[in-house]
Amino acid sequence: MNSLRRRLALALIIGYAWLLGAGGLAVFHFTSAALTQQFDDALLGKATSLTLLVRQAEGRIEFNFPDHAILQPGTVKVLEYFQLWRIGGETIYRSITVGSQDLPRRYSSLSQPDYFNLELPGGIPGRAVGIRFPLVPRTSRAQMEDGPPPEIGLVAAISRHELDQQIDSLAYNIVIAGSIVLLASLIVVDLILWGGLKKLSRVTEQAQQIGIGSLQKRFPTKGMTTELSPICHALNDLLDRLEHAFTELNQYAGKVAHELRTPLAILRLKIEQGGNRISPDLAEELNAEIHQIAHVVDQSLLIARAEQGRIQTQACTFDLAELLSDATEDFSLVAKESDRQLQFKIGASPARVCADPQHTRQIVHNLLSNAWKHGRGKIRLHLVGHSGRKRVAISVINQTPGFPAAASSSGLGLRVVDTLIRLQPGMTCKRRSGKGYYSVRLTFPQSPVAP
Amino acid sequence: MRILLAEDEPKVAEHIRAGLISEGFDVDVATNGDSAIAQAQTHDYDLLLLDVMMPGKDGFAVVRLLRRRELTTPVIFLTARGEVEDRVRGLDAGADDYLVKPFSIVELVARMRAVLRRHKPQVGGVLAVADLRLDLLTRQATRAERTIELTKREYLLLEFLMSASPRAVSKTAILEHVWDQHFDSDTNVVNVYIKHLREKIDAPGLKPLVQTVRNVGFAIREESP
């Protein structure tokens, strides 16, 4: 979930879902309340019509109910439940549907009827209205004979199945419509974000193309949004400064080389042309020193350029055994003419590795030169591993009995080795030193494909 | 042979000029890139020696411009910049060789002769000293009608010595020319290779040609009577 687009889309959709949910709940609440109100009004109408069917005649209470069932608007017949009480007295009528049970005795004035939910016989959920009303005498004479009419309490109820069905349907429709709207919103939001962040992708793509060799490239500023435009301008300013500094650095390295090498060149040429005025052995000695200084300049510049990231490696597959045979040829010949012992175990089988061959050659040469220069005993170079193994390694071991361990652990040649190794992807170097020996083990990643 | 040397450092220019004149070349000097272009287009030179870092147009720009104008005179860069990328850039620009300062005149002359031979094969594809011959095309050495097998470095060493012949060349110059890796001058790698070369060239019964010139270096020439 690191994508900005996804994060924004998720945040927007969560926010939108909250709003949609709250809106849906409000719609549900108000609509279901309106439906219930409508239902209650119809129920009250039924209850009121029932009151008209109750009369007092000759001291008795008469009922003229057509049936225990009432025809509902439409064609659906819904069972009706009702019960009548004399206020503060006994039940005076109970519909057949109620059976022997009593309905809750809850009633209030006709102007403020009491609506409530209840469980009807047979466990049917129902809704009821309770009202109290004075019994109407059949005639005014009867009223005079019978005295003041008694007050009657009526609780009328019907199944709320239809209401619940409507409310459930409402909830279902709200959820379905909300889900469709949310899904559509997700797609729209994602498309909008994709369009909006497309420019950011362009900036990212451009940033990926900028490297040491392409510092002249710049971020696009035309058509950028007001948010991205200042970022692109700031990045371009930064690149301007970086490119300038890099050019300065590049020129500085060139100038240093020039400043150091030009006097050496003059010295060298002067020595050659003054050959008849200075002794030849002094001239050769001076030339050798100049050669050495020029080498130090080369190596120092190489380290500096590598640390600036300005050396590019050109890795390819080659046979390390062949390279070692070539690199050790000079040392072998020199060793034969001196009292040094060199042992090279290279083996005949090819050891294909993937690295920069020039750099590898320089590394091996520096290690052998270091061993030759700082040691006095046996030098061993072993090539371990060959085609078919995962790794190929070479070890250069310099054995010099009585030689201090630290004597060969520093110097420009080994700094160059370290620098070049860092440039080779997958190449590792392990050094060990002890009293009388110093060893370096280089491990190469093996090439998966033969050249 | 007429050479144009473009070098902004007067002392370096003067010493190179003097060294080349002593080797028998005619040398004109230009002190910046623009005058080098003007002179190269005006006169018919056999070879151009160009410094890379010069006022005005640098050496790379000079070569590119001359090549665009279809001037095919061979070019050697003389430069203080020895990085591989710079060498590649120089050769890509159209130069024939690239020599990093400091260098010896012997090395420079050897490079110049090699470049001239490549450009004008009729000048001579064979180096000869007494009865020793080195064919630069087949890279084969023969002496007294006998073929001499040479390793890669032995060949480079023999070619360098024969190019400079009869002059002696120092160990340092040999180290710089023959080996691309650095060897300390106290390493006797040059002596070892000279010994091997001597064993191959100066076979028993033949006049010795590989000479050790005391305190100077080595040469291939017939011994002075």
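Chain letters run A, B, ... following the sequence lines, proteins first, then strands; residues in each count from 1. Keep in mind that the numbers below use all heavy atoms, side chains included, and drop hydrogens, waters and symmetry copies.
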Quick one: CG on B:Asp180 to CZ on A:Arg361, what's the gap to the nearest 0.5 Å? 5.5 Å

Without swapping roles, check the side chain of A:Glu272 against the backbone of B:Ile105 for a donor-acceptor pair under 3.5 Å. yes

Calculate, to the nearest 0.5 Å, the distance between atoms NE2 and CD belonging to B:His196 and A:Glu337 respectively. 5.0 Å

Interface moiety of B:Ser22 toward chain A, non-hydrogen atoms closer than 4.5 Å: neither

Under 4.5 Å to a heavy atom of chain A? For B:Val100 that would be side chain

Is the CD atom of B:Glu149 crowded by more than 12 outside heavy atoms at less than 6.0 Å? no

Quick one: does A:Leu333's side chain get under 4.5 Å of B:Val189's, heavy atoms only? no

With sequence neighbours left out, the residues meeting salt bridge (Lys or Arg N to Asp or Glu O under 4.0 Å) with A:Glu329 are B:Arg153

Flag the one option from B:Gly217, B:Pro102, B:Ser170 with the top tally of heavy-atom pairs under 4.5 Å to chain A. B:Pro102

Does A:Gln209 have more than 12 heavy atoms from other residues, nucleotides or ligands lying within 6.0 Å of its CD? yes

Should the heavy atoms of other residues, nucleotides or ligands under 6.0 Å from CZ of B:Arg214 be counted, would the total exceed 12? no

At what distance, to the nearest 0.5 angstrom, does CG of A:Leu269 lie from CG of B:Leu108? 8.5 Å

Any residue of residues 7-16 of chain B which, by heavy atoms, sits under 4.5 Å from chain A: B:Glu9, B:Lys11, B:Val12, B:His15, B:Ile16

Ranking A:Asn287, A:Asn366, A:Ile293 by heavy-atom pairs under 4.5 Å to chain B gives rank one to A:Asn287

A:Arg268 and B:Glu107 ion-paired at < 4.0 Å: no

Answer yes or no: is there a side-chain heavy-atom contact under 4.5 Å between B:Lys101 and A:Leu264? no

Is it true that atom CD of A:Glu322 has more than 12 heavy atoms of other residues, nucleotides or ligands lying nearer than 6.0 Å? no

Over all atoms of both residues, closest heavy-atom pair of A:Glu284 and B:Val216: OE1-O, 4.2 Å

In terms of heavy-atom contacts, does CD of A:Glu285 have more than 12 from other residues, nucleotides or ligands at under 6.0 Å? no

So with a 6.0 Å cut-off around NZ of B:Lys200, is the heavy-atom count from everything else above 12? yes

